[in-house]
Amino acid sequence: MDPVSVAPTHVTWETLELHTAQPFGIARWTHSVYPRTIVTFTQGGVSGRGEAAPNAFYGETRGTVEAVLPLLAEALTDPWDWDGLQAGLSARMPHDHPSVKCALEMAALEWCAASAGQPVWRLLGLSPAPLPRSSFTVSLGELPDMRRQAREAVEAGHTVLKVKLGTGRDTAILEALREEVPDVTLRVDANAAWTRPQAKRMLGVLDAARVELVEQPLAADDLEGHAELRRVSRVPIVADESLHHVRDVIALADAFDGVNLKLAKLGGPLRALAALRLARAHGMGVMIGCMIESSLGIAAAAHLAGLCDWADLDGALLLADDPYMGLEWTAGDLARPVGVGWGVSRR
């Protein structure tokens with residue numbers, strides 16, 4: 001579709017339908033098509049880009065993104081006024097539409113970095129430390145298919161796999177995958193699908209399978225259950241669905257060992273950076289994560305990854321039709337983006 005222009009803010013956008021190479025399943029659903037809206041801010045001949053990656057679990061769809069963009073785009077007038085942008089976005093939509101806010105914040109940051117001729121991470125004064133190795137996701141499906149996914153990922157050079165669980169057959173899945181790929185690092189993501197009794201039963205299975213961490217075992221609002229589980233678990237427990245806003249980090253500190261930061265869910269790179277620093281202040285580990293996104297969205301997360309303990313940035317690797325290029329991958333090893341702005345370009 002043709003970009004839609006919103007005067008006088010010089011914001012345009014277009015929605016692309018991205019397709020995964022194979023159906024991607026988690027405990028809640030299985031999808032193959034992911035609408036992603038690319039936002040561009042242009043001023044003085046310089047442009048900055050962002051990506052809105054909506055997730056229906058958090059109340060966002062392609063329709064909501066396209067409906068609220070005309071209103072939220074009005075907040076982006078001075079790309080250097082980051083506090084003003086966040087205040088303007090919050091005034092218009094206090095709690096909702098984080099992926100749209102993320103896209104606009106990304107666009108402002110890249111515009112500033114492009115004006116300065118620098119990558120965004122240098123603009124923000126972040127460390128050039130090497131990025132942690134990213135996991136590659138084994139999506140939920142029939143056991144033979146999951147074994148095949150794991151085997152092919154290892155054959156491609158991946159050494160860290162994140163296994164999607166959240167069924168009544170999770171023990172069999174984990175035992176089979178550990179047999180299939182005995183030497184890789186395994187992480188587990190239940191996507192909030194386990195009950196308290198099931199989660200407690202799974203702790204021994206996680207230990208036996210030498211799982212590095214477990215992500216969001218219980219329902220998002222069950223902080224008491226997570227705290228109880230954390231007290232008896234030898235495997236670190238990381239929050240994902242329980243984390244919606246920066247301020248949530250404080251409440252999660254007693255229930256989780258770490259947090260998974262997703263820019264599209266928190267409202268942008270600056271909000272994710274604030275959540276990261278708040279998590280560190282509370283002694284928590286930090287994972288940088290993603291949705292199924294193009295390399296544009298993944299690049300923005302990669303700019304923060306050097307500050308994190310764990311990375312799960314395989315969203316673009318799962319696509320059959322990534323519209324952007326420029327990220328340098330060697331299996332799970334992602335090189336820090338070095339180009340101006342986000343460091344990626346349109347194919």
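Just so it is clear, the structure is predicted and the values come from calculations on it, not from any experiment. If you read the sequence from its start, that first residue is 1, and numbering goes on from there. What's counted below: heavy atoms across the whole structure, side chains too, no hydrogens, waters or symmetry copies.
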May I ask you to say whether E180 pairs ionically with R148, meaning some side-chain N is under 4.0 Å from a carboxylate O? no
Decide salt bridge (charged side-chain N to carboxylate O under 4.0 Å, His left out) for E14 and R36; before the verdict, give the C-alpha distance in whole Å, the side-chain angles of both, and the deciding distance to 0.1 Å. CA-CA 8 Å; E14 60 177 328; R36 299 298 182 240; over 6 Å; no
Between the side chains of S47 and T40, is a donor N or O closer than 3.5 angstrom to an acceptor N or O? no
Same apolar cluster: V338 and V120, side chain cutoff 4.5 Å: no
Summary of side-chain hydrogen bond (donor to acceptor under 3.5 Å, both in side chains) pairs that have at least one residue in residues 262-277, sequence neighbours excluded: S90-R271, D240-K262, D240-K265
Q216 and D189 side chains, donor-acceptor separation under 3.5 Å: no
Under 3.5 Å, is there a donor-acceptor pair linking the side chains of D333 and T330? no
Can a donor-acceptor pair be found, under 3.5 Å and without considering hydrogens, that links the side chain of Q118 to the backbone of L124? no
Do the rings of H95 and H245 sit parallel, tilted or perpendicular, given the 30° and 60° boundaries? perpendicular
Any chance CZ of R122 has more than 12 other-residue heavy atoms, nucleotides or ligands included, within less than 6.0 Å? no
Can any side-chain N or O of E212 pair as donor or acceptor with the backbone N or O of R187 at less than 3.5 Å? no
Under 3.5 Å, is there a donor-acceptor pair between the side chain of T64 and the main chain of T61? yes
Any donor and acceptor pair, going by atom type alone, linking the side chain of S233 with main-chain N or O of L229 inside 3.5 Å? no
Using a 3.5 Å distance criterion without hydrogens, assess whether the side chain of H97 forms a donor-acceptor pair with backbone atoms of M93. no
Answer yes or no: is there a donor N or O on one side and an acceptor on the other, between the side chain of H19 and the main chain of E17, under 3.5 Å? yes
Side chains of S99 and E60: donor-acceptor distance under 3.5 Å anywhere? yes
Between W310 and N260, is any side-chain donor less than 3.5 angstrom from a side-chain acceptor? no
Between Q198 and D170, the two heavy atoms sitting closest are NE2-OD2, 4.0 Å
Is there a donor-acceptor contact under 3.5 Å linking the side chains of D322 and S295? yes
Distance-only, no hydrogens or angles: does the R178 side chain make a donor-acceptor pair with backbone N or O of A209 under 3.5 Å? yes
Straight-line distance of S139 OG to F24 CZ, nearest 0.5 Å: 6.0 Å
Scan side-chain atoms only and decide if E66 and T37 contain a donor-acceptor pair under the 3.5 Å cut-off. no
Main chain of A193, side chain of N191: is a donor-acceptor contact present, judged purely on distance under 3.5 Å? no
Is the closest side-chain heavy-atom distance between W13 and V100 below 4.5 Å? no
Residues forming a side chain to side chain contact (heavy atoms under 4.5 Å, CB included) with T159, sequence neighbours excluded: R133
With a 4.0 Å cut-off on N to O distance, would you call E228 and R196 a salt bridge? yes
I'd like to know if the side chain of T137 pairs up with that of D314 as donor and acceptor (distance under 3.5 Å, no hydrogens or angles considered). yes
Mind running salt bridge (charged side-chain N to carboxylate O under 4.0 Å, His left out) on K162 and E215 for me, showing each step along the way? CA-CA 9 Å; K162 183 164 89 167; E215 198 174 327; 3.2 Å; yes
Ignoring hydrogens and geometry, is there a side-chain-to-backbone donor-acceptor pair from W82 to L270 under 3.5 Å? no
Rounded to the nearest 0.5 Å, how far apart are CZ of R169 and CE of M146? 7.0 Å
